[in-house]
Enquirer: 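The structure's right below; bear with me while I get my questions together.
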Amino acid sequence: MAATLSATPAAPASLAADTGARIMAWADTLAAHTEQPGMLTRTYLTDAHHGAAAQLTEWMQAAGMTVRRDVAGNVIGRYEGTEPGAPALLTGSHFDTVRDAGRYDGNLGVILPIACVAEWNRQGRRFPFALEVVGFAEEEGVRFKATLLGSRAIAGTFDTNVLDNVDDSGQTMREVMRAAGFDAAQLPGAQHDRGKVLGFIEVHIEQGPVLLNEGLPVGVVTAISGATRYIVELEGLAGHAGTVPMDMRRDAAMAGAEIGLYIEKRCGGKPGLVGTVGQFNVPNGATNVVPGRAVFSIDIRAGVDAEREAAVNDVLAGIERICARRNVRVQLRKTHEAASVPCAPWLQAQWAAAVARQGVPVRHLPSGAGHDAMAIAAIADVAMLFVRCGNGGISHHPTETMTAEDAQTAAAVFADFVEHFQRTQ
Ligand SMILES: [Zn+2]
């Protein structure tokens, strides 16, 4: 897509040239808060998690923000506007991690805005609105098998059933919260009032290779993809691998393999649509047995719901056809279905303008992964900026990486966005 280049493509004057380097150094400092020495693992309300919260609080306060922790453990820094108490533009991301994680997933979207606020604070610059930077306490769902805890608390959509979920040591979430000084009964109070939120923007590492392959430092997210998941069980007829002729077999694994290849073909060649068979089991399979059973998963995602639904329908029809021809019985169980969350066009337009003003071509792309913005969409219009992920786009892995130069560009885009921000809807 052609970019509208500004006459003055330089970074906002407000941003120091070493902001990117500072963001990278902060990511390193934050990564030291880990449960497992030698790797980064920081799950909900562990000592490492509290340590990271304390570090974020310190940076936020030094940047001129008033900081509070809400009952879900979110760290919320508020940079007042020209009029105290004004509605806020919300930004942020999560500071929990997966096990043996990369250091930028989530964390980047918390520290990058703090670095920008620090610059504005140094210059005594305020905006006609407040800016709130949120470190969401939990997004990944590692400790209690429930995701988006922090952002759901703020959105008022926290499912209190998950308070009884237990961690590996058998403690419930409710007990762990109480021990940390958080009373789960107060969770409804964490909800932000829709009328006081102007919008939510999230900066996040892409966690994929698209920007890297196209040589672009940042991209504007169009939507967080919806997803449909199935578990498929096929039943054919087991038989002796030596004695049953090929044309007389009812091989469940080969039916599954053909279905997998059909999914790959159907979801291929269409940007934003992806289909994956991530688990494939041949129960009690043996070298010398024709497989009588196969069990596998299907995960289909797209930024546009109609495209996902069309693909799912074609895949279901394909399964029927393949199984009928192969005389294999099929049982389908839908395990998950979530609609896509579109990024608000007016916020996307302001991201795009900020990107173009840095002299960077504007690339729009959907997010195949879930993010806190998904939950916040319940109380505000949301939009996201992706930052190029190095090393082939690998994420949820210690080799996840990005450059200080891209951190600088992303910070410049973020600062420019805020400095030009206007609520137009
Ligand atoms: Zn993340």
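Just follow the structure's listing: the first ligand is 1, and inside any ligand the first atom is 1. As the structure is a computational prediction, the values presented were derived from the model and not from experiment.
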Enquirer: Which residue is it: His49, His371, His204? I am looking for the one with a ring-ring contact (aromatic ring centres under 6.0 Å, His included) to His94.
Expert: His204
Enquirer: Backbone or side chain, does His94 get an N/O/S atom under 2.8 Å to the Zn ion (ligand 1)?
Expert: yes
Enquirer: Among the N/O/S atoms of Asp105, select the one at the shortest distance from the Zn ion (ligand 1) and name it.
Expert: OD1
Enquirer: Does any part of the side chain of Trp59, heavy atoms only, come nearer than 4.5 Å to the side chain of Val133, both counted from C-beta?
Expert: no
Enquirer: Just wondering, is there an N, O or S atom on Asp372 that's nearer than 2.8 Å to the Zn ion (ligand 1)?
Expert: no
Enquirer: Quick one: are the ring centres of Phe129 and Phe421 less than 6.0 Å apart?
Expert: yes
Enquirer: Between Arg329 and Glu233, is a salt bridge (charged side-chain N to carboxylate O under 4.0 Å, His left out) present by the stated rule, with each step listed?
Expert: CA-CA 8 Å; Arg329 269 206 302 274; Glu233 292 197 48; over 6 Å; no
